[in-house]
Amino acid sequence: DVQLVESGGGSVQAGGSLRLSCAASGYAGSTYCMGWFRQAPGKEREGVATIKRDGTTKYADSVKGRFTISKDNAKNTLYLQMNSLKPEDTAMYYCAADVRSGSWYSCPKFDEADFASWGQGTQVTVS
């Protein structure tokens, strides 16, 4: 199983920036597809950004131009650089991974059911 540990959340003012990190461990193979999802109070979880191992990315329309997802394959670490943060970005942010080889063809994607591994989340609050 893949273990995912997020870090980097916090409280910032609108217009500020944060960088989230997600360290993956416990899996000797390749994490073909990884991504960030978020859940605000009273709302369903939604996809924010996902990335294929080759660097292909997908973003939610609400974060395009403000957020950047990246991955250091050597360190098995996923990042989310968040700039120009807005109050509506306030949510718990989760890292997720799909290690199935078949995900190479479907990634990047926001199909939550395909992501079997999830972190515990890191809170982002924008005021």
- [ ] Compare all side-chain heavy atoms of Cys22 with those of Met34 and state whether any distance is below 4.5 angstrom.
- [x] yes

Open item on the list: Under 6.0 Å from the ring centre and within 45 degrees of the ring axis: does the NZ or CZ of Lys71 meet both conditions for the six-membered ring of Tyr79?
Closed with: no

Task: Smallest separation among heavy atoms of Leu4 and Ala97, with atom names - done: CD1-N, 3.8 Å

Open item on the list: For Lys109, is there an ion pair with Asp111 - N to carboxylate O distance below 4.0 angstrom?
Closed with: no

Open item on the list: Testing the basics here: between Thr56 and Pro108, what is the closest heavy-atom pair and its distance to 0.1 Å?
Closed with: CG2-CD, 3.7 Å

TODO: Begin from the C-alpha positions of Tyr59 and Arg66 and carry the test side chain to side chain contact (heavy atoms under 4.5 Å, CB included) through to its verdict.
DONE: CA-CA 10 Å; Tyr59 293 93; Arg66 300 187 299 121; over 6 Å; no

Task: Shortest non-hydrogen contact between Ala60 and Gly47, atoms and distance - done: CB-O, 3.4 Å

Task: Polar side-chain atom of Thr125 near backbone of Ser11 as donor-acceptor pair, under 3.5 Å - done: no

- [ ] Please step through side chain to side chain donor-acceptor pair (under 3.5 Å) for the pair Ser17 and Asn83, ending with a clear verdict.
- [x] CA-CA 4 Å; Ser17 298; Asn83 298 327; 2.9 Å; yes

Open item on the list: Show the nearest heavy-atom pair for residues Phe115 and Gly35, with the distance to one decimal.
Closed with: CE2-N, 4.2 Å

Task: Note, Ile69 side chain near Lys58 side chain (heavy atom, < 4.5 Å) - done: no

Open item on the list: Distance check, rounded to the nearest 0.5 Å: Ser103 atom OG versus Arg53 atom CZ?
Closed with: 10.5 Å

Open item on the list: Within the 4.5 Å heavy-atom criterion, are Thr90 and Leu85 side-chain neighbours or not?
Closed with: no

Open item on the list: Would you say CD of Glu88 has more than 12 non-hydrogen atoms from neighbouring residues, nucleotides or ligands within 6.0 angstrom?
Closed with: yes

Task: Shortest non-hydrogen contact from Cys95 toward Leu78 - done: SG-CD2, 3.9 Å

- [ ] For a salt bridge (Lys or Arg N to Asp or Glu O under 4.0 Å) with Arg38, tell me which candidate from Glu44, Glu46, Glu6 qualifies.
- [x] Glu46

Open item on the list: Any carboxylate oxygen within less than 4.0 angstrom of a Lys/Arg side-chain nitrogen, looking at Lys64 and Asp61?
Closed with: yes

- [ ] Report the C-alpha separation of Val124 and Leu20 in whole Å, then their side-chain angles, then the decisive distance to 0.1 Å, and conclude whether the side chain to side chain contact (heavy atoms under 4.5 Å, CB included) test is met.
- [x] CA-CA 9 Å; Val124 172; Leu20 305 183; 4.1 Å; yes

Open item on the list: Could you measure the distance from the CD atom of Gln39 to the CE atom of Met92? Nearest 0.5 Å is fine.
Closed with: 9.0 Å

TODO: Check the hydrophobic clustering (I, L, V, M, F, W, Y; side-chain heavy atoms under 4.5 Å; chains of links allowed) and say if Phe110 and Val63 are grouped together.
DONE: no

Task: Heavy-atom closest contact (Ser117 atom, Val2 atom, distance) - done: OG-CB, 3.6 Å

- [ ] Side-chain contact test, heavy atoms from C-beta onward, threshold under 4.5 Å: evaluate it for Leu80 versus Val48 and give yes or no.
- [x] yes

Task: Path from Met82 to Phe37 over hydrophobic side-chain contacts below 4.5 Å - done: no

Open item on the list: With a 4.5 Å cut-off on side-chain heavy atoms, are Asp54 and Trp104 touching?
Closed with: yes

- [ ] Return the orientation label for the Tyr93 and Phe67 ring planes: parallel under 30°, perpendicular over 60°, tilted otherwise.
- [x] tilted

- [ ] Nearest 0.5 Å please: distance from the OG atom of Ser25 over to the CG atom of Asn76.
- [x] 8.5 Å

